[in-house]
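Heads up, the thing below is written out as structure tokens.
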Amino acid sequence: MDATTFRWVLVIIAIILAVAIYVFGQYQARLRKRNALETFTREEVDSAFIEDEQLRFELNNLNNILRDNETEEALDDIQINPAQEAQKTPYALPDPEIFVPATLAGKDAGRLISYHLRHGDFRLITGEEASDAVQQTGLELNAAGYLEYREEGEVAFQVASLSAPGDFAEIKNLDFSTIGLNCFIDLDQSEDPRFGYEAMLKKVDELVRMLDVKVYKPDQELLTISDVTETREKLA
């Protein structure tokens, strides 16, 4: 074999080896990518929760494999849970202002019994809900726009709205709503406070069941049995 032929044989062998090495390298790369993808798509996705750090590790691993094989596509810009990672500013709606009519706001607390009936989350009571409750409990609208309950011809207690303007004059309107009811007794104007208080407790119980509300004191603490007992003793 002459020198020229020998050189061509060496060139052909080198080409075959290069092709074999390239093919083998591609095969190994596909195996690595397949293993990485299987780790990401099967084992992790089948679990109940994918930790962000684990997910980033898998993406970085996959990205390195793609770089090793001179792939132009990169995964560095993939965002994991962008909504969760974005900086959040906590925001909560403030509780609505509870309206107290001027006639009650200037009243000595010791001469006024007042209970607020409202939802714990300040959900509005619609006009329809309020109208139904008014009819079923026998409350009537007086000249001042407040609701009142009469028994044996005497006013036992009155009800103001916890939303401005504080009355129920527009209760029949479709857009009427209120955050609650303010059931009160003005002790300076009540002829029989003990009688009025017992009547109010009875109707408050009915309103609570009909409107699914809770009873609060003016300081927005929940009314307790001990509070009721204390008031009864004072009136006695």
Side-chain donor-acceptor pair present, [X], [Y], cut-off under 3.5 Å:
{"X": "Asn173", "Y": "Glu170", "answer": "yes"}
{"X": "Tyr146", "Y": "Glu148", "answer": "no"}
{"X": "Arg111", "Y": "Gln189", "answer": "no"}
{"X": "Ser161", "Y": "Asn182", "answer": "no"}

With side chains defined as the heavy atoms from C-beta onward, is the minimum distance between [X] and [Y] less than 4.5 Å?
{"X": "Leu222", "Y": "Val215", "answer": "no"}
{"X": "Leu117", "Y": "Lys214", "answer": "no"}
{"X": "Val213", "Y": "Ile125", "answer": "yes"}
{"X": "Leu235", "Y": "Leu187", "answer": "yes"}
{"X": "Tyr149", "Y": "Gln158", "answer": "no"}
{"X": "Thr137", "Y": "Met210", "answer": "yes"}
{"X": "Leu223", "Y": "His116", "answer": "no"}
{"X": "Leu201", "Y": "Arg232", "answer": "yes"}

First locate atom [atom1] of [X], then atom [atom2] of [Y], and finally report the distance between them rounded to the nearest 0.5 Å.
{"X": "Ile98", "Y": "Gln220", "atom1": "CD1", "atom2": "CD", "answer": "3.5 Å"}
{"X": "Ser131", "Y": "Phe176", "atom1": "OG", "atom2": "CZ", "answer": "8.0 Å"}
{"X": "Leu147", "Y": "Leu181", "atom1": "CG", "atom2": "CG", "answer": "7.5 Å"}
{"X": "Asp192", "Y": "Glu198", "atom1": "CG", "atom2": "CD", "answer": "10.0 Å"}
{"X": "Leu112", "Y": "Phe184", "atom1": "CG", "atom2": "CZ", "answer": "7.5 Å"}
{"X": "Ser177", "Y": "Arg123", "atom1": "OG", "atom2": "CZ", "answer": "12.0 Å"}

Looking only at non-hydrogen atoms, find the nearest pair between [X] and [Y] and report the distance.
{"X": "Leu211", "Y": "Glu129", "result": "CD2-O, 3.7 Å"}
{"X": "Gly166", "Y": "Pro101", "result": "O-CG, 4.4 Å"}
{"X": "Ala133", "Y": "Leu207", "result": "CB-CD2, 3.8 Å"}
{"X": "Ile185", "Y": "Phe157", "result": "CG1-CB, 3.6 Å"}
{"X": "Gly153", "Y": "Arg150", "result": "O-NH1, 3.0 Å"}
{"X": "Gly145", "Y": "Asp167", "result": "O-CB, 3.3 Å"}

Between [X] (side chain) and [Y] (backbone), is there a donor-acceptor pair under 3.5 Å?
{"X": "Asp205", "Y": "Lys202", "value": "no"}
{"X": "Asp219", "Y": "Glu221", "value": "yes"}
{"X": "Lys217", "Y": "Ser114", "value": "no"}

Common cluster, Phe122/Phe99, ILVMFWY with side-chain heavy-atom separation under 4.5 Å: no
ILVMFWY cluster, Leu139 and Ile171 together (side-chain gap under 4.5 Å): yes
Neighbour count above 12 (heavy atom, 6.0 Å) for Glu128 CD: no
side-chain contact (heavy atoms from CB on, under 4.5 Å) between Ile179 and Leu124, worked out: CA-CA 5 Å; Ile179 61 174; Leu124 290 176; 3.4 Å; yes
Leu141 vs Val134, side-chain contact (heavy atoms from CB on, under 4.5 Å): CA-CA, chis, key distance, verdict: CA-CA 9 Å; Leu141 194 67; Val134 166; over 6 Å; no
Geometric cation-pi criterion, Arg118 with Tyr216: 6.0 Å, 45°: yes
